[in-house]
Protein chains: 2
Amino acid sequence: MNAGKPLTIVSQNEKILSLMQRIEKIAPSDSSVLLVGETGVGKEVFADYIHRYSQRRDKPFVKVGLAAMPADLLESELFGHEKGAFTSAHAEKKGLFEIADGGSIFLDDIDDVPMPIQSKLLRVLESGELMRVGATRPIRVDVRLITASKIDLKLLIERDKFRSDLFYRLNVVPMHIPPLRERSDDVPRLMNYFLENYGNGKPLPVTPRAMSALQRYSWPGNVRELRNVAQRLALFAEKEIDVKDLPAEIAHSGGLDVLLKKCQTCFYEDAMSFSQVMACLEANLLKQALAANQFNQSQAARHLKMSLSTFRDKLKKHSILLSDSL
Amino acid sequence: MNAGKPLTIVSQNEKILSLMQRIEKIAPSDSSVLLVGETGVGKEVFADYIHRYSQRRDKPFVKVGLAAMPADLLESELFGHEKGAFTSAHAEKKGLFEIADGGSIFLDDIDDVPMPIQSKLLRVLESGELMRVGATRPIRVDVRLITASKIDLKLLIERDKFRSDLFYRLNVVPMHIPPLRERSDDVPRLMNYFLENYGNGKPLPVTPRAMSALQRYSWPGNVRELRNVAQRLALFAEKEIDVKDLPAEIAHSGGLDVLLKKCQTCFYEDAMSFSQVMACLEANLLKQALAANQFNQSQAARHLKMSLSTFRDKLKKHSILLSDSL
DNA sequence: AGTTGGCCTGCGGAAATCCGCAGATTACAG
DNA sequence: CTGTAATCTGCGGATTTCCGCAGGCCAACT
């Protein structure tokens with residue numbers, strides 16, 4: 001974290017650091033940027049970062065989520081309309097492109113844009129001008145375009161759902177933001193950062209066991225989910241955060257959840273029998289107990305509340321070798 | 001769905017229909033609205049709906065996500081700044097409140113707003129004017145405020161993290177948007193709607209089994225997650241959508257996942273032994289097999305690939321009664 | 001060097017599990 | 001109503017599972 005620079009991207013992951021260096025290099029250039037990454041990875045945060053480092057930092061930065069909007073509403077929203085252009089157009093309206101004139105515009109979920117809107121976006125990019133709905137004269141706009149997609153747009157192009165010519169103009173600078181599970185090394189520092197943030201500057205310590213569970217979790221909701229968890233922890237946790245304070249799906253991320261996912265293949269995909277599934281579950285439970293107890297069979301058996309003899313009989317039954325190179 | 005009205009809220013759930021009726025009633029009133037609901041329920045879509053039904057529909061509707069922004073950046077973003085107000089303020093800048101003048105502004109994640117920003121927001125609401133950073137004269141603004149929170153702000157007030165006076169001004173019209181899992185009856189129509197949307201108007205049929213799995217799933221990411229799933233299905237599915245086309249966590253939502261969740265309580269929270277956990281898993285598997293086979297023991301045993309005798313022995317072992325009123 | 005505690009190993013007996021079988025019952029088609 | 005097929009039921013034998021026990025090994029302590 002650089003002193004004096006307002007920075008919301010907390011990371012020491014080399015993929016992210018490399019992204020940030022690239023951003024600092026291209027931000028002043030005014031090139032269109034396409035950010036690709038899963039929901040919750042922080043595409044908007046990266047867009048902010050780009051805008052901050054651009055020459056347009058003192059101009060408007062308008063953000064639009066494109067999903068869930070019908071084409072006609074979206075058109076009006078982005079490009080504005082003239083009075084009387086349609087029944088409910090009681091007055092002329094500036095679109096967000098006009099509002100952003102001189103600055104930047106961030107279009108989230110570009111993969112969700114209907115074809116007619118794609119055409120108009122292309123025109124803006126090619127000619128630097130737009131037509132309001134119902135207008136006869138174009139309006140010039142000077143806007144830097146930053147877009148975001150949660151999937152690879154090439155998939156849509158292949159299926160004729162996205163214009164390749166528009167794609168090439170958007171994709172001048174492509175940037176892939178990795179999901180949080182691919183940079184779990186950042187989980188501890190992100191969690192500590194948000195906890196301090198929500199704790200009014202007072203850091204709230206996390207036990208090593210809790211931090212391990214947080215790091216093991218797959219974070220399907222990415223950084224947004226982590227931030228939400230941090231917010232709740234900062235509200236409800238007392239002196240420090242232990243495993244018992246974590247949401248169930250995270251606290252158990254090292255437990256039967258993992259176990260079950262291992263056995264789903266058994267039961268559904270491989271159409272195994274009841275006894276095979278139970279055997280699979282059992283074998284995995286035994287292995288986990290061993291690993292968790294440094295391969296001390298006596299401790300592992302006590303952990304599972306069974307006798308050492310039973311434990312050993314089961315290891316033999318499942319041909320489980322005594323090694324930490326399983 | 002009303003013909004002729006642009007409507008993005010697809011639902012026949014009575015909670016949602018009642019919300020929509022309430023919105024249509026209060027939208028013209030210019031009152032501040034506070035939307036509360038989990039991430040992904042579509043708070044922004046409801047905000048759009050409110051703006052559409054207001055007298056300000058032809059004025060700007062600016063949306064801001066407040067999370068993940070440091071206070072000083074956010075302040076500048078919302079309220080603008082004067083040239084020289086700070087080192088990197090090379091020119092004067094209009095804030096988003098000014099840009100939205102005459103229209104509406106939507107502030108998402110209001111629960112994430114730092115105290116200093118809360119103070120300035122309160123002033124805007126109380127006096128109808130704001131001070132740019134570094135300014136000596138206030139600027140009048142006429143903006144309708146719609147805010148969104150993913151948690152109950154009263155929790156923050158209790159912990160002195162949110163100003164109660166600001167809350168009362170924001171919460172003029174409170175609206176709770178239920179999570180998708182509380183209106184699973186909408187899942188089929190939402191899925192069909194999005195599939196048609198992404199399928200260029202061509203509806204893609206979903207088998208009853210697949211639709212059951214979709215309806216059983218808990219949708220932690222709410223409508224956003226459902227839409228993302230629909231988008232992928234529309235891209236990759238062939239003639240119709242069956243269970244095998246669904247993501248693993250949805251396809252299996254009726255299987256071992258549920259089973260495991262039942263047993264998590266056993267192993268972790270109740271500190272049960274290995275044999276107790278296995279017994280718990282076993283009992284639940286047997287019950288599920290019975291229920292899935294209309295309480296026909298022979299079929300259930302074949303389903304589990306075990307002999308009828310074994311099956312019956314196990315039912316006895318676990319004291320499982322033969323009834324569909326379990 | 002001797003003692004103590006914990007772990008590992010193999011073994012045997014009691015209990016539990018698995019499943020085939022025969023007869024009774026039920027549901028369905030003609 | 002009859003015949004057939006499927007299901008249900010109780011039982012007993014073979015197999016598997018559970019676990020206590022005794023002896024050996026190892027590390028730590030006195």
Please tabulate, one pair per line, each protein N/O and nucleotide N/O from nucleotides 22-25 of chain D that are separated by under 3.5 Å, including the distance.
none

Is a salt bridge present between K161(B) and D111(B), judged by a nitrogen-to-oxygen distance below 4.0 Å? no
Measure the distance from CD on Q297(A) to C1' on dC19(D) and round it to the nearest whole Å. 15 Å
Assess whether atom CZ of R209(B) is packed by more than 12 heavy atoms of other residues, nucleotides or ligands within 6.0 Å. no
Taking only N and O in the side chain of Q299(B), is any of them less than 4.0 Å away from OP1 or OP2 of dA6(D)? no
Q299(A) vs Q294(A) side-chain heavy atoms within contact, under 4.5 Å: yes
State plainly whether the residues K316(A) and D313(A) are in salt-bridge range, i.e. N to O under 4.0 Å. no
To the nearest 0.5 Å, how far apart are CG in N228(B) and CD1 in I151(A)? 9.0 Å
When you measure from every atom of DNA chain C, which of residues 307-316 of chain B have a heavy atom less than 4.0 Å away? S307(B), S309(B), T310(B), D313(B), K314(B)
If the test is side chain to side chain contact (heavy atoms under 4.5 Å, CB included), which one of L233(A), V223(A), V10(A), V229(A) qualifies with F194(A)? V223(A)
So where does chain A start and stop touching DNA chain C, 5' to 3', when the test is distance under 4.0 Å to a non-hydrogen atom? dC7(C) to dG10(C)
Reference residue N222(A); test side chain to side chain donor-acceptor pair (under 3.5 Å); the match among R227(A), E38(A), R181(A): E38(A)
Calculate the interatomic distance between N296(B) atom CG and dT9(D) atom C1'; express it in whole Å. 14 Å
